[in-house]
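The block underneath contains the structure these notes are about, expressed in structure tokens.
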Amino acid sequence: MGVAKAGLMQAVRFAVGGGANTVLTLLLYWLLLNWFPYSIAFTISFLVGILSGYAINTLLVFRAPWSWHKLIMFPSVHAVNYCLGLGIIFVSVDVFGLPARWAPLIATALTLPVNFLLTRWLILRPNRQPGG
């Protein structure tokens with residue numbers, strides 16, 4: 001399989017796996033809105049999404065071996081997505097007056113390309129050897 005075709009298949013699997021993970025985190029976000037303001041609900045659902053996202057991306061999307069080092073690094077790579085997403089949600093809700101329930105959908109659509117590139121970079125990069 002050529003590099004371009006492999007990349008396309010990864011992108012398709014990323015979209016399907018990410019879609020499932022997005023549904024999970026969105027449902028959790030909506031549930032948490034019953035008890036928390038949108039910023040806290042988003043943060044909690046985002047953290048849950050990081051754990052499930054690592055599993056989905058490692059095992060299903062990029063078919064790479066599980067690595068504790070990469071699992072620990074996964075949240076730091078996704079800190080970029082968190083900041084972008086929360087900023088987009090803030091602007092959507094507080095500047096444009098959109099409902100807090102729907103703002104994560106906008107954030108997800110706008111951060112998706114960044115998320116794919118950062119995730120692919122982390123999971124497919126070689127493991128670092130101790131002392132190397």
Side-chain angles (χ1 to χ4, degrees):
M1 180 181 310
V3 173
K5 187 172 181 179
L8 177 61
M9 292 307 299
Q10 288 172 349
V12 169
R13 290 191 307 263
F14 183 83
V16 172
N21 198 41
T22 299
V23 168
L24 169 76
T25 56
L26 188 58
L27 290 173
L28 180 60
Y29 172 78
W30 285 338
L31 179 67
L32 293 172
L33 280 177
N34 291 310
W35 299 283
F36 300 105
Y38 69 83
S39 59
I40 294 173
F42 178 74
T43 301
I44 293 169
S45 63
F46 190 87
L47 293 173
V48 169
I50 286 174
L51 292 175
S52 58
Y54 180 76
I56 290 168
N57 283 297
T58 299
L59 302 173
L60 302 175
V61 174
F62 300 109
R63 299 177 178 159
W66 183 275
S67 163
W68 286 106
H69 174 74
K70 290 178 183 179
L71 174 60
I72 291 167
M73 293 301 298
F74 201 67
S76 66
V77 169
H78 284 279
V80 173
N81 290 317
Y82 172 79
C83 291
L84 286 172
L86 190 57
I88 292 166
I89 288 173
F90 170 77
V91 169
S92 297
V93 173
D94 290 348
V95 175
F96 292 115
L98 299 174
R101 283 193 183 281
W102 302 110
L105 295 174
I106 296 166
T108 298
L110 294 177
T111 61
L112 190 61
V114 173
N115 191 0
F116 174 74
L117 293 173
L118 290 175
T119 301
R120 187 175 193 274
W121 169 79
L122 174 69
I123 292 177
L124 292 182
R125 76 182 202 168
N127 283 323
R128 294 184 62 181
Q129 298 299 318

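The shown structure was predicted, so the numbers you read here are calculated from the model rather than taken from an experiment. Along the sequence shown, residues are numbered consecutively beginning with 1.
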So side chain to side chain donor-acceptor pair (under 3.5 Å) across residues 43-53, not counting sequence neighbours, yields N21-S52, T43-Y82

> Should the heavy atoms of other residues, nucleotides or ligands under 6.0 Å from CH2 of W66 be counted, would the total exceed 12?
Replying inline: yes

Check: Quick check: does any side chain N or O of T25 sit under 3.5 Å from a backbone N or O of T22, one acting as donor and the other as acceptor?
Finding: yes

Across all chains, not counting sequence neighbours, the side-chain contact (heavy atoms from CB on, under 4.5 Å) partners of W35 are L31

Ring centres of F46 and F42 under 6.0 Å apart? yes

Ring pair (Phe, Tyr, Trp, His ring centres under 6.0 Å) filter on Y29, not counting sequence neighbours, yields none

Between the CG atom in L28 and the CD1 atom in I44, the distance rounded to the nearest 0.5 Å is 7.5 Å

Please set out all donor-acceptor pairs under 3.5 angstrom arising from side-chain atoms of residues 109-116, sequence neighbours excluded.
{"residue": "T111", "atom": "OG1", "partner": "A107", "partner atom": "O", "Å": "2.8"}
{"residue": "N115", "atom": "OD1", "partner": "H78", "partner atom": "ND1", "Å": "3.3"}
{"residue": "N115", "atom": "OD1", "partner": "N81", "partner atom": "ND2", "Å": "3.4"}
{"residue": "N115", "atom": "OD1", "partner": "T119", "partner atom": "OG1", "Å": "3.1"}

Do L122 and F62 touch side chain to side chain, with heavy atoms closer than 4.5 Å?
-> no

With sequence neighbours left out, the residues meeting side-chain contact (heavy atoms from CB on, under 4.5 Å) with S92 are I88, L98, A103, I106

May I have the list of side-chain donor-acceptor pairs in residues 8-17 shorter than 3.5 Å, sequence neighbours left out?
{"residue": "Q10", "atom": "OE1", "partner": "R120", "partner atom": "NE", "Å": "2.8"}
{"residue": "Q10", "atom": "OE1", "partner": "R120", "partner atom": "NH2", "Å": "3.2"}
{"residue": "R13", "atom": "NE", "partner": "L60", "partner atom": "O", "Å": "3.1"}
{"residue": "R13", "atom": "NE", "partner": "V61", "partner atom": "O", "Å": "2.8"}
{"residue": "R13", "atom": "NH2", "partner": "V61", "partner atom": "O", "Å": "2.6"}

Sorted by chain and residue number, the side-chain contact (heavy atoms from CB on, under 4.5 Å) partners of S67 (sequence neighbours excluded) come out as Y54, H69, K70, N127

W30 meets the side-chain contact (heavy atoms from CB on, under 4.5 Å) criterion, sequence neighbours left out, with L26, L27, L33, R101, W102

